[in-house]
Amino acid sequence: MTSPEFLASLLAWYEANKRDLPWRRTSDPYAIWVSEIMLQQTTVATVIPFWHKWMERFPTVESLATADEQEVLGHWQGLGYYSRARNLQKGARQVVEEGLPTSAEGWKQIPGIGDYTSGAIASIAQGLPVPLVDGNVERVYSRLMADFSVGQTLKKNAWDWAKQTLAKDRPGDWNQALMELGATVCTPQSPQCHACPVQWACRARERGQIDQLPQKAPKREWKHLSHQAWLIVSDGKLLIEQVPKGEWWEGLWQVPRAINSESGTEELSARTHAVRAEELLTINHVVTHHKISLTLYRAIPSEKTPIHSAKTWEEVLAMPLSAPQRKILTRHRSSLFGID
DNA sequence: AATGCGGGGTA
DNA sequence: TACCCAGCATT
């Protein structure tokens, strides 16, 4: 498996078939770092436009380190998992203080960087001989070696294999070749085995078990959540608030929201000094293993309602909002004014 | 080892 | 709806 033929076949295939991704046109460790963080649990196609906009606004570690957090979150809006953005800025500040890490272990000390990302930056941006395992590598490994294990066991086996297999003279290309194979040929559904440069080395293909690998872990149960949000309009402006620290969507903005219950209604009433009126619409939002039902109500402000902090529709929609808030506000506005 | 994170595109 | 994406941090 670690034969010279195996390494040479995959590397040659990579050279001839690699996608032209924007972060492959730079060797700037910061630019590659940004791409790797964005690519955590996020597809390449989604990331590309965000990466361009980010690099335009925050072209250097210094520019990110000194940026306003609201602007950082704003540029992340739509990518999700916002702790990635907060950690990226923390990391930028750390690097400005201490300099760039010079090893995978060093990168791992930076918030938001774990086993995969430290290996990726060290090997791709710095040419260091360290392995990596992501979802692609795990799948490629499980098929090549016909490993039917699941979860942590599969992950550990894949790491052991990646360490042994690593092409130490070209670690960055090798790691990307493995991931590229998984992303474009050895795909989860309908893998293109006939186009695979190492099909001759694949035990799952030899045994006709490609469709059974990798083995899936049992899926988790859905958790159902019900939230309510209040649309408090005064003089054409909406009352909004920043999500407090420790809550979901911390640091983003929202129209006042609580769980959809008696106590939630009381809480919102106490917080906004408004009175809940008619129901406007409900949206469903799915994230990870949660199904969130969010209902928007109109609410009537009182004299004590802090309407001085209200903002126009345009201002609100320009702020960093959580996905469900953006969805429900956009949908309601279009039903009001017939615009998107 | 399991879970929280609180997204999003695609078949 | 199901699947899963260049995962990480916390418990």
Side-chain angles (χ1 to χ4, degrees), chain A residues 18-19 21-24 32-51 73 76-88 90-91 107-125 131-140 150-156 158-159 162 172 174-184 186-190 214 216-225 227 243 246-252 254 257 259 284-294 320-327:
Chain A
K18 64 182 179 186
R19 291 167 293 177
L21 304 177
W23 44 89
R24 285 184 177 157
I32 293 171
W33 174 13
V34 171
S35 76
E36 290 299 342
I37 301 299
M38 289 185 171
L39 286 162
Q40 289 168 5
Q41 297 289 274
T42 308
T43 54
V44 166
T46 302
V47 165
I48 289 174
F50 283 91
W51 186 84
L73 289 175
W76 206 268
Q77 205 268 316
L79 269 178
Y81 293 124
Y82 294 89
S83 63
R84 293 187 294 175
R86 284 188 284 266
N87 282 336
L88 190 51
K90 275 186 211 161
W107 282 104
K108 220 180 134 167
Q109 301 308 309
I110 292 177
I113 296 185
D115 291 332
Y116 163 76
T117 307
S118 58
I121 302 174
S123 64
I124 296 169
L132 59 75
V133 171
D134 71 336
N136 290 306
V137 178
E138 198 172 289
R139 180 171 59 255
V140 168
V150 173
Q152 292 300 115
T153 308
L154 177 61
K155 180 133 291 186
K156 186 192 182 309
W159 271 100
W174 175 255
N175 286 334
Q176 292 186 89
L178 277 175
M179 293 191 284
E180 194 79 356
L181 187 69
T184 64
C186 195
T187 48
Q189 275 81 39
S190 312
K216 284 174 288 194
K219 68 161 192 170
R220 291 179 57 182
E221 294 296 311
W222 291 107
K223 278 191 181 173
H224 294 265
L225 300 173
H227 291 179
V243 181
E247 293 189 12
W248 297 0
W249 302 293
E250 166 186 340
L252 303 188
Q254 63 179 4
R257 174 183 55 87
I259 57 173
N284 294 303
H285 184 77
V286 178
V287 58
T288 313
H289 58 282
H290 295 273
K291 292 190 175 186
I292 303 170
S293 167
L294 175 63
L321 305 170
S322 69
Q325 286 266 329
R326 181 168 299 279
K327 193 190 296 183

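Just so we're on the same page: letters track the sequence lines, and every chain starts at 1.
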If we count only N and O atoms by modelled type, under 3.5 Å, do the side chains of A/Y116 and A/E36 hold a donor and an acceptor together?
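Present: a donor and an acceptor within the cut-off.
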
Establish, from distance only, whether the side-chain atoms of A/Q41 and A/R84 form a donor-acceptor pair under 3.5 Å.
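Their side chains do not contain a donor-acceptor pair, so the 3.5 Å distance test is not met.
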
Could you tell me whether the phosphate oxygens of [N], OP1 or OP2, come under 4.0 Å of any side-chain nitrogen or oxygen in [X]?
X      : N     : value
A/T117 : C/dC8 : yes
A/Q189 : C/dC4 : yes
A/Q41  : C/dG7 : yes
A/R84  : C/dA9 : no

Length of the line joining [X]:[atom1] and [N]:[atom2], which is rounded to integer Å:
X      : N     : atom1 : atom2 : result
A/I32  : C/dA6 : CD1   : C1'   : 13 Å
A/W249 : B/dG4 : CH2   : P     : 15 Å
A/L73  : B/dG6 : CG    : P     : 11 Å
A/L154 : C/dG7 : CG    : C1'   : 15 Å
A/W107 : C/dA6 : CH2   : C1'   : 16 Å
A/Y82  : B/dG4 : OH    : C1'   : 17 Å
A/N136 : C/dC4 : CG    : C1'   : 10 Å
A/W248 : B/dG4 : CH2   : C1'   : 9 Å

Report which part of the nucleic acid [X] touches: base, sugar-phosphate, or nothing (heavy-atom distance under 4.0 Å, all strands).
X      : result
A/R326 : nothing
A/L294 : nothing
A/G78  : sugar-phosphate
A/T42  : base
A/K156 : nothing
A/W76  : nothing
A/A120 : nothing

Just wondering, do A/M179 and A/V137 contact through their side chains at under 4.5 Å, heavy atoms?
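Side-chain contact under 4.5 Å: yes.
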
Side-chain heavy-atom pair A/L252, A/W76 within 4.5 angstrom cut-off
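Side chain of A/L252 against side chain of A/W76, heavy atoms only: no contact under 4.5 Å found.
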
Given DNA chain B, 5'-ward residue of the pair A/Q152 and A/L252, judged by closest heavy atom:
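The 5'-side residue here is A/Q152.
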
How far does the P atom of B/dA11 sit from the matching atom of C/dA6, given to the nearest Å?
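Their P atoms lie roughly 14 Å apart.
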
For B/dG6 versus C/dC3, give the span between their P atoms, rounded off to a whole number of Å.
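Between the two P atoms, the distance is 24 Å.
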
Map A/L39 and A/I113 onto DNA chain C by nearest heavy atom, then report which one ends up closer to the 5' terminus.
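The residue whose closest nucleotide sits nearer the 5' end is A/L39.
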
DNA chain C: A/V286 or A/D115, which has the more 5' nearest nucleotide?
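Per heavy-atom nearest nucleotide, the more 5' residue is A/V286.
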
Below 30° counts as parallel, above 60° as perpendicular, anything between as tilted: where do the rings of A/W51 and A/W23 land?
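Perpendicular, since the angle between the ring planes exceeds 60°.
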
Nearest-nucleotide pick for [X], side chain only, options being [options]:
X      : options             : answer
A/K216 : C/dC3, B/dG6, C/dC5 : C/dC3
A/H285 : B/dA1, B/dG7, C/dG7 : B/dG7
A/P188 : C/dC4, C/dG7, C/dA6 : C/dC4
A/T43  : B/dG6, C/dC3, C/dA6 : C/dA6
A/R19  : C/dT1, C/dC5, C/dA6 : C/dA6

Could you go step by step and tell me if A/I37 and A/I113 meet the side chain to side chain contact (heavy atoms under 4.5 Å, CB included) rule?
CA-CA 8 Å; A/I37 301 299; A/I113 296 185; 4.2 Å; yes

From CA spacing to verdict: side chain to side chain contact (heavy atoms under 4.5 Å, CB included), A/L181, A/N136:
CA-CA 8 Å; A/L181 187 69; A/N136 290 306; over 6 Å; no

